[in-house]
Amino acid sequence: MRAVRIPLAIRIPAVVIVFMAAVAVFISERVLTRLQEAQTRHLGDLAAVYLDGLAPALVAPVVREDVWEVFDIVDRARQVHAGLKPTETVVATADGRVLASSNPREHPTWSLLPSSFSAERATAPAIVSHDTEGEAVARRDLSSGDRIVGSVHATFDISPLLAERRSVLITLIGTNAALTFALALTAWLTVRRMMRPVRVLASHLNASPETPVEPIADSLIKTAPREFRGLFAAFNRMAEAVRDREALSRHLAEEERLASLGRLASGMAHEINNPLGGLFNAIDTLKEHGERSDVRRRTIDLIDRGLKGIRDVVRTTLVTYRTDRDVRSLQRADIDDLKLLIEPEVRRKNLTVRWRNESHDELWVSPSVVRQVLLNLLLNACQATPTGGEISFEALVENSSLVAVVGDTGPGLSDSARDVLVGQHDHAVVGSGGGLGLWMVRRLIKEGGGTIVVYPRSPTGTTIRVALPIGDEEGLAHVA
């Protein structure tokens, strides 16, 4: 499974968000802890004032167990301390029984002290908060001399304190969230601005291989940071070098094409001059003996064969090297014509040709592409094969593809030429002498959607296998 790579413009803001969230949690925890401690301390002080005010007045009535006096003291104290919001006050004896309560219906006299109140003795007020219930419970023991005679228990409403605490928490969350979002947005905008030159460079580097390399505009170079100006300038120099190389490759390919045509034309001149000499002789014969029917018939036949031979040579050459690509099917004769074109080179070097054409008529493959590629490979085979050697050619239909195999008994292709032919190097080989050029052959095969394989031939030589897919009439028209 391929790992997903997160862009840098997202990773940096994400790191900022995580960092700010950690800081916000830490700060919020410390603020809320200090606020809770301050509230607890303040509540303890208020409870101490309330209970310390009740204790001296309650000692004597508690010793006498005077219920009504104790109730009167508790009721008057609650009215005086109304701002503290004591919700309930209970005075108990030393054995833990209720003597008087501000709510006698819930805690009647002489009932056991409820478990919600602290059972531990405390000479000073001890307060316990119950946040879930929104209340706090405090206790103050009553003593006469060295003897504990009773205790005072009070319940206070702390919901305002809890509401204040929630308000502070919400404020902290909102402030930290807004600050985190602002910093993350700032980081994203900053990184995006910093990465803009990188995106410009990446867009030029990732351009389609079919389109020429475009240099970076001067306006972008001027507005780029200083660190990227040198990088942009280096890329422009590289782009110019690539464009110069492509132009040189095209120029070399065209020169190779013209050179191949020149070599072919010199060979074809012999093929045309030979029948021309016979034609002139036939015309002279007609001038002198034209009145004889047998001589006239033989001479006309000779002229007809000579003219047809010249027509075939010219037609085959024009079909192979014309620049426009006709939208028609490949005929079997289109491939057999190539044997006629390489005939002068074969005779000049006294080569043996093993020719096998098992292709079919009406193959929807571009005839121009097939003829140019195969003729180039055949001429290269003739050129590479020493005098008296052998070349081989085979064409057949295999797996919906036209397959052509060209072999020679020469010294073999060089590594650089083989790399260009199979597509590992996308430039022409200077001085290769390869007809259209191996680079052009590879380009034509690539445009036709085909493949090419090169492997050595035993005991010496090279075998090249070309496969071009067979399409339909519509697809051929699109390619053309």
Report the C-alpha distance between Val91 and Val74 in whole Å, list the side-chain angles of each, state the deciding distance to 0.1 Å, and finish with yes or no for side chain to side chain contact (heavy atoms under 4.5 Å, CB included). CA-CA 8 Å; Val91 180; Val74 170; 3.6 Å; yes

Take a 6.0 Å sphere around OH of Tyr455 and say whether it holds more than 12 heavy atoms from other residues, nucleotides or ligands. yes

Given side chains that start at C-beta, do those of Leu142 and Ile148 come closer than 4.5 Å, heavy atoms only? no

Determine yes or no for a side-chain-to-main-chain donor-acceptor pair under 3.5 angstrom, with Ser111 supplying the side chain and Pro108 the backbone. yes

Using salt bridge (charged side-chain N to carboxylate O under 4.0 Å, His left out) as the criterion, list what pairs up with Asp72, not counting sequence neighbours. Arg76

Looking at residues at least two apart in the chain, or sitting in another chain, which of them share a side chain to side chain contact (heavy atoms under 4.5 Å, CB included) with Phe393? Ile335, Trp355, Leu374, Leu378, Ala395, Ala404, Val406

Can you measure from OG1 (Thr223) to CZ (Phe228) and round to the nearest 0.5 angstrom? 12.0 Å

Suppose we screen for side chain to side chain contact (heavy atoms under 4.5 Å, CB included). Which residues come up paired with Ser159, at least two apart in sequence or across chains? Asp157

Describe, in one word, how the ring planes of Trp68 and Phe71 are oriented to each other, choosing from parallel (under 30°), tilted (30 to 60°) and perpendicular (over 60°). perpendicular

Salt bridge flag under 4.0 Å for residues Arg139 and Asp141: yes

Measure from the side-chain N and O atoms of Ser401 to the backbone N and O of Val397, and report whether any donor-acceptor pair falls under 3.5 Å. no

Between Pro61 and Ile73, what is the shortest heavy-atom contact and its length? CG-CD1, 3.9 Å

Does the side chain of Val49 come within less than 4.5 Å of Asp45's, by heavy atoms? no

Has Asn376 got a side-chain atom pairing as donor or acceptor with Val373's backbone, closer than 3.5 angstrom? no

Atom pair OG1 (Thr451) and CZ (Arg465), whose distance is rounded to the nearest 0.5 Å: 7.0 Å

Find the distance between OG1 (Thr462) and CG (Leu413) and round it off to the nearest 0.5 Å. 4.5 Å

Quick one: does any side-chain atom of Gln39 pair with a main-chain N or O of Leu161 as donor and acceptor, under 3.5 Å? yes

Sorted by first residue and then second, give each salt bridge (charged side-chain N to carboxylate O under 4.0 Å, His left out) pair with at least one member in residues 53-70; sequence neighbours left out. Arg64-Glu69

Would you kindly say whether His107 and Glu88 are connected by a side-chain donor-acceptor distance under 3.5 Å? yes

Do Thr40 and Gln36 have a side chain donor and acceptor closer than 3.5 Å? no

Interatomic distance, Arg166 atom CZ to Ile170 atom CD1 [nearest 0.5 angstrom]: 8.0 Å

All heavy atoms of Ala384 vs all of Pro411, minimum pair found to be O-CD, 3.4 Å

Before you tell me yes or no, could you show the steps for Val98 and Thr109 under side chain to side chain contact (heavy atoms under 4.5 Å, CB included), namely the whole-Å CA-CA distance, both residues' side-chain angles and the distance that decides it to 0.1 Å? CA-CA 5 Å; Val98 176; Thr109 303; 5.6 Å; no

Do any N or O atoms from the side chain of Arg371 and from the backbone of Asp334 form a donor-acceptor pair under 3.5 angstrom? yes

Residues Ile470 and Leu402: closest non-hydrogen pair is CG1-N, 3.8 Å

Which pair of heavy atoms, one from Arg332 and one from Ser359, lies closest together, and at what distance? CD-O, 3.4 Å

How would you list, by chain and number, every residue that makes a side chain to side chain contact (heavy atoms under 4.5 Å, CB included) with Leu396, sequence neighbours excluded? Glu358, Glu394, Glu398, Val403

According to salt bridge (charged side-chain N to carboxylate O under 4.0 Å, His left out), who are the partners of Arg165, at least two apart in sequence or on a separate chain? Asp131

Identify each donor-acceptor pair in which a side-chain atom of residues 171-184 lies under 3.5 Å from a protein atom, sequence neighbours left out, and give them as a table.
residue, atom, partner, partner atom, Å
Thr171, OG1, Ser167, O, 2.8
Thr175, OG1, Thr171, O, 2.8
Asn176, ND2, Ser28, OG, 3.3
Asn176, ND2, Leu172, O, 3.0
Thr180, OG1, Asn176, O, 2.7

Full working for side chain to side chain contact (heavy atoms under 4.5 Å, CB included) between Val369 and Glu447: CA-CA 9 Å; Val369 170; Glu447 289 178 356; 5.7 Å; no

Got a sec, which residues hit side chain to side chain contact (heavy atoms under 4.5 Å, CB included) with His42, two or more places apart in sequence or on another chain? Leu46

Can you sort out the partners of Asp415 under salt bridge (charged side-chain N to carboxylate O under 4.0 Å, His left out), two or more places apart, ordered by chain and number? Arg418

Decide yes or no for Leu363 and Val370: does some side-chain heavy atom of the first lie under 4.5 Å from some side-chain heavy atom of the second? no

Hey, what do you get for OG1 (Thr463) to CG (Asp408), rounding to the nearest 0.5 Å? 7.5 Å

Does any non-hydrogen side-chain atom of Pro86 lie less than 4.5 Å from one of Tyr50? yes

For the atom pair CD1 (Ile464) and CG (Asn380), what is the distance rounded to the nearest 0.5 Å? 7.0 Å

Apply side-chain hydrogen bond (donor to acceptor under 3.5 Å, both in side chains) to Thr155 and His153, showing your working. CA-CA 7 Å; Thr155 302; His153 303 266; over 6 Å; no

Taking it one step at a time, do Glu37 and Thr33 satisfy side-chain hydrogen bond (donor to acceptor under 3.5 Å, both in side chains)? CA-CA 6 Å; Glu37 292 174 353; Thr33 301; over 6 Å; no

Which pairs with one or both residues in residues 94-114 pass salt bridge (charged side-chain N to carboxylate O under 4.0 Å, His left out), sequence neighbours excluded? none

Identify the two heavy atoms, one from Val90 and one from Ser101, that lie closest to each other, and give their separation to 0.1 Å. CG2-OG, 3.7 Å

Using the salt bridge (charged side-chain N to carboxylate O under 4.0 Å, His left out) rule, collect all pairs that involve residues 448-459, keeping only residues at least two apart or in two chains. Glu390-Arg457

Output every pair passing salt bridge (charged side-chain N to carboxylate O under 4.0 Å, His left out) with a member in residues 177-191, not counting sequence neighbours, ordered by first then second residue. none

Looking only at heavy atoms, what is the nearest atom pair of Ala136 and Ile158, with distance? CB-CG2, 3.8 Å

Please check this pair: side chain of Arg229 against backbone of Ala224, looking for a donor-acceptor N/O pair closer than 3.5 Å. yes

Side chain to side chain, Phe156 and Thr87, heavy atoms closer than 4.5 Å: no

Quick one, Leu185 with Leu189, criterion side chain to side chain contact (heavy atoms under 4.5 Å, CB included). Give me CA distance, side-chain angles, the key distance, then yes/no. CA-CA 6 Å; Leu185 181 61; Leu189 294 175; 4.2 Å; yes

